[in-house]
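Below you'll find the structure, written out as structure tokens, and then a few comments.
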Amino acid sequence: MNSNQVRTQFLDFFKSKQHSIVASAPMVIKDDPTLMFTNAGMNQFKEYFLGNGIPKSNRIADTQKCLRVSGKHNDLEEVGKDTYHHTMFEMLGNWSFGDYFKKEAIHWSWELLTKVYKIDKESLYVSVFEGSKDADNLSLDTEAYDLWKAIVPEERIIFGNKKDNFWEMGDQGPCGPCSEIHVDIRSDEEKSMVPGKDLVNNDHPHVIEIWNLVFMQYNRKADGSLEKLPAQHVDTGMGFERLCMVLQGVKSNYDTDVFLPLIQKIEKVTHSPYGKNEETDIAIRVIADHVRAVAFAITDGQLPSNTGAGYVIRRILRRAIRYGFTFLNTKEPFIYQLAETLSNQMGDAFPELLAQKNLVANVIKEEEASFLHTLDQGLELLTQVIAEAKDKTISGKKAFELYDTFGFPIDLTALILSERGYALDEVGFHKELQKQKARSRAASEIATEDWTILKEANKEAFVGYNQTENQVHITRFRKVDSKKDGQLFQIVLNSTPFYPEGGGQVGDKGILTPILSPKEREISPSSGGVGEDIEIIDTKKENNLILHFTKKLPSNVNATFTAKVDTFLRNNTAKNHSATHLLHQALRSVLGTHVEQKGSLVSPDYLRFDFSHFAKLSVAELQQVEAFVNARIEEQLPLIERRNISYNQALEDGAIALFGEKYGDSVRTIQFGKSMELCGGIHVNNTANIWHFKIISEGAIASGIRRMEAITGDAVKYYFSEQENKLNKINQALKNPQDVIKALHSLQDENAKLKKQMEGLLKDKATNLKGELITEIQEVNGILFLAKEINLDATGAKDLAYELGNLGKNLFLLLATVQDDKPMLTCYISKELVAQKGLNAGQVVRELGKYIQGSGGGQPFFATAGGKNSAGIPEALEKAIDYIKQ
RNA sequence: GGGGAUGUAGCUCAGUUGGCUAGAGCGCUUGGCUGGCAGCCAAGAGGUCGUGGGUUCGAGUCCCAUCUUCUCCA
């Protein structure tokens, strides 16, 4: 059974049990500050378990793309070394939200594994939670045990402790016991030697957990206690790659058809056979695994970068490049060629791979090239370090510098050092790394306090599409302390007109004004019935809650408030957002439909739009794009907004959905003429409100990705008036010529001409002066001597001194100049004289400098000194001869 | 967000404790030589030393700010 069939059968099975099948959520998470990537199947349903949202169906099944790069068993550095750990993997899952519970979950899992997938019952083991004697004092999960006992012989039921069989989402929230299904795929011979039961949960590569059924029946409260949930949920997860391994009768995930095509392609491209040598095999597994993670991340809109989630992706890709470089001897980009293999293989299940095949390849290729360059530079630096080493050990500090500053991987450093007979101080290296980590942590520490819950509200209603002002009350708040922003409060309201940051659009700002009670009004009659305004400085979404950020709390948090959005900012933002849609349409119309939105920022000041395209836009194209958008503005297209239409209906109607965005089943579409997009943002009622659209910049941000910045509305007026101002000033400066450009050119020409003339004149002057000075040179004790004040600047004096210095080998020259009332002495002594007589120009200017109240220095044959008192020049010149008199 | 590095000729880079009039290789222009595989020789053009302040007699070099790019950590 091939992997595509395995996946389909899973989904079909649960469809037949009345589950609705949903698409995988994006692997890259955008609106949860606590999580960068989806790391478990339940992530996209978190809000349902927390009670912040209601699922469209209480039975759901899906396959979820997940990414894990850290954690107990999933350190990135371990992936590839064994045959069963991965960065990116698929998690098959079925879910019940307050619907069915243990009985169905257990029966169905058994039915699917043994009847549909036909796994030998004899090789399966199941575990149940044994209870705990700690503060929670939980008893054995008898319900699960009895259910299993009816279908599985007792000797294959295992009791698991809290660590293995009690699942918690975090410190707080829904949790409960779980039942795991393990499978033993060892040979009969091995089985006869050690019973499988003894190997369950013991990290044996062939006795493995394949399915975890979590029964959420408790809520962990902030004080650590457990309470029973009113509604009970089921959350299951089955590792897809492992399942394929079991069903395909192989002993390694990498031997399944999930990975084989990639491995074969790597073998072909790098001429390295798989299965012949352990080091090569590890490298091939690393590359096969990592390219999947990177490709899926890119299709979700996450490009490799040097911060945040993008940095994680970069690290994964670079690890793959490094393994290829070291163990497969690849010195040129090659991983990008796997993008095609991967999209052929998984494109049916994940259409985003097919659609963005070229982009994925381009981005990977670019990253490979740049990292290979980094490696090259690092190699050179390392060679230098080795050459300078005093003994056979390279300090951890030095190695860390290579790693930290130049990005040269530490394991490569260690490898090369050992090859050349040097040792690496690894302890020192890790010390430095720890220091760096501590520094970063200290700089970004955030202390989040518990929520203070004032009123239990079902769900916070967003009313901002219809109004910008609303009467509200606070349902909960908490304090957040960070080094960066200081102390802030997050406030949740029962209903809010404030748009939370999302879909590229920044969060609303505004104020919260308490409405005073009659009693409070009595105390403070001058208030006019309103209390002190609280400024809302930002609005963000977290787990479907809308958080309003303030610097302080209202004095009475239980009051009723008027929540008022800053409409000036909001209106400008709306213009930019609508213009973003028109720009998207324009780009697809002018450049082609390969243009995909790759990122977007919509703020009150400007809009930024990243999109996939392979080349720099020509001036003509930019003008076309601008003209297209402005034509739509002139057409005065009214906003056609549809709320709560089904996702599929929206797509059928022709709405553009974005890869890497998470959409519910019920979506909102925004249409202006022929531009229709799925969007939750704020828009103008008519394109005419945008007034005008102007592109400010266009450039590349990654291979195949370009960024455009533009402005609308009043910002365009300011822009043009500023340009006009500049032009006016230029005109004025040029005395209002008829043709500025012509005037400017002639000015430039003239300037060049004058410069040349000037150079000539200066040369003449210097020659004249030189000639003049030559005649004044005296011979004293066989030394050519001159001390004179001249009318030149510092560089002129220097030039002249060198010129004269070229005349002979026994010159002693002291020149005095005055610039801006500041006297300066320049002394030149031929090198031969310096050597013969032990003269030193530096000493000369320092000593003579005192006459002009100055100081100075230089080299023995040439030195300068500056001072304050130009009246002292004659005396200084007079004394100069003393140096050569003896 | 924090740390480190980086920016010098069209390109790749040197430039010492601040002090020869800022250099090299490649490329470019011109002239000459030559039976090639990076032809050779000679001459030449090309630089706001990222930007803005400061210290100093003197700053590519030191200090402060700022921007670019790279890199590590979060």
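These values consider heavy atoms only, across backbone and side chains, with no hydrogens, waters or symmetry-generated copies. Reminder, nothing fancy here: chain letters follow the sequence lines and each chain counts from 1.
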Separation between the [atom1] atoms of [N] and [M], rounded to whole Å:
| N | M | atom1 | result |
| --- | --- | --- | --- |
| B/C72 | B/U8 | P | 22 Å |
| B/U61 | B/C49 | P | 10 Å |
| B/G7 | B/G52 | C1' | 16 Å |
| B/G4 | B/U17 | C1' | 24 Å |
| B/A5 | B/G23 | C1' | 24 Å |
| B/A42 | B/G35 | C1' | 22 Å |

What is the separation between atom [atom1] on [X] and atom [atom2] on [N], rounded to the nearest whole Å?
| X | N | atom1 | atom2 | result |
| --- | --- | --- | --- | --- |
| A/Met824 | B/G58 | CE | C1' | 8 Å |
| A/Phe861 | B/G58 | CZ | C1' | 14 Å |
| A/Arg707 | B/U68 | CZ | P | 12 Å |
| A/Leu375 | B/C70 | CG | P | 16 Å |

**Prompt:** Which part of the nucleic acid, if any, lies within reach of A/Gly857 when heavy atoms closer than 4.0 Å are counted: base, sugar-phosphate only, or nothing?
**Reply:**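 Counting heavy atoms under 4.0 Å across all strands, the contact made by A/Gly857 includes a base.
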**Asked** How is A/Gly854 classified with respect to the nucleic acid when contacts are heavy atoms under 4.0 Å: base, sugar-phosphate, or nothing?
**Response**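 It contacts nothing in the nucleic acid.
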**Set of residues satisfying side-chain hydrogen bond (donor to acceptor under 3.5 Å, both in side chains) with respect to A/Asn43, sequence neighbours excluded** =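 Applying side-chain hydrogen bond (donor to acceptor under 3.5 Å, both in side chains) to A/Asn43 gives none.
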**Request:** Please name all residues satisfying side-chain hydrogen bond (donor to acceptor under 3.5 Å, both in side chains) with A/Gln490, sequence neighbours left out, ordered by chain then number.
**Result:**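 For A/Gln490, the residues satisfying side-chain hydrogen bond (donor to acceptor under 3.5 Å, both in side chains) (neighbours in sequence not counted) are A/Arg478.
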**Prompt:** Taking for each residue the nucleotide of RNA chain B with the nearest heavy atom, is it A/Gly867 or A/Lys798 whose nucleotide lies nearer the 5' end?
**Reply:**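 Looking at the nearest nucleotide for each, A/Lys798 comes out on the 5' side.
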**Request:** On RNA chain B, check which nucleotide each of A/Gln859 and A/Gly856 is closest to and give me the residue with the more 5' one.
**Result:**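 Result of the comparison: A/Gln859.
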**Message:** Could you check whether any side-chain N or O of A/Lys331 sits under 3.5 Å from a backbone N or O of A/Phe325, counting only pairs where one atom can act as donor and the other as acceptor?
**Reply:**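 Such a contact is found between A/Lys331 side chain and A/Phe325 backbone.
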**Request:** Mark yes or no for whether A/Glu368, through its side chain, and A/Tyr336, through its backbone, hold a donor-acceptor pair below 3.5 Å.
**Result:**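 Yes, A/Glu368 side chain to A/Tyr336 backbone: donor-acceptor pair under 3.5 Å.
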Side chains of residues 838-847 of chain A: which donor-acceptor partners sit under 3.5 Å, not counting sequence neighbours?
residue  : atom : partner  : partner atom : Å
A/Asn840 : OD1  : A/Gly842 : N            : 2.7
A/Asn840 : OD1  : A/Gln843 : N            : 3.2
A/Gln843 : NE2  : A/Glu847 : OE2          : 3.1
A/Arg846 : NH1  : A/Gly856 : O            : 3.4
A/Glu847 : OE1  : A/Tyr883 : OH           : 2.3

At a cut-off of 3.5 Å, list every protein nitrogen or oxygen paired with a nitrogen or oxygen from nucleotides 11-13 of chain B, distance to 0.1 Å.
none

**Prompt:** OP1 or OP2 of B/C57 sitting under 4.0 Å from any side-chain N/O of A/Ser855?
**Reply:**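 Answer yes for this pair, as a side-chain N or O of A/Ser855 is under 4.0 Å from OP1 or OP2.
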**Asked** Under a cut-off of 3.5 Å for both distances of each Watson-Crick or G-U pair, what dot-bracket string does RNA chain B give, using [ ] for crossing pairs and | for inter-strand pairs?
**Response** (((((.(..((((.....[...)))).((((((.....)))))).....(((((..]....)))))).))))).
Below 3.5 Å between N/O atoms, which protein atoms pair up with nucleotides 72-74 of chain B? Just atom names and distances, please.
residue : atom : partner  : partner atom : Å
B/C72   : O5'  : A/Tyr311 : OH           : 3.1
B/C72   : O4'  : A/Asp404 : O            : 3.0
B/C72   : O3'  : A/Tyr403 : OH           : 2.7
B/C72   : O2'  : A/Asp404 : OD1          : 3.1
B/C72   : O2'  : A/Gln436 : NE2          : 2.7
B/C72   : O2   : A/Asp404 : OD1          : 3.4
B/C72   : O2   : A/Gln436 : NE2          : 2.8
B/C73   : OP1  : A/Tyr403 : OH           : 2.3
B/C73   : OP2  : A/Tyr311 : OH           : 2.1
B/C73   : O4'  : A/Gln436 : NE2          : 3.1
B/C73   : O2'  : A/Ser440 : OG           : 3.3
B/C73   : O2   : A/Ser440 : OG           : 2.4
B/A74   : O2'  : A/Ser444 : OG           : 3.2
B/A74   : N6   : A/Gly308 : N            : 2.8

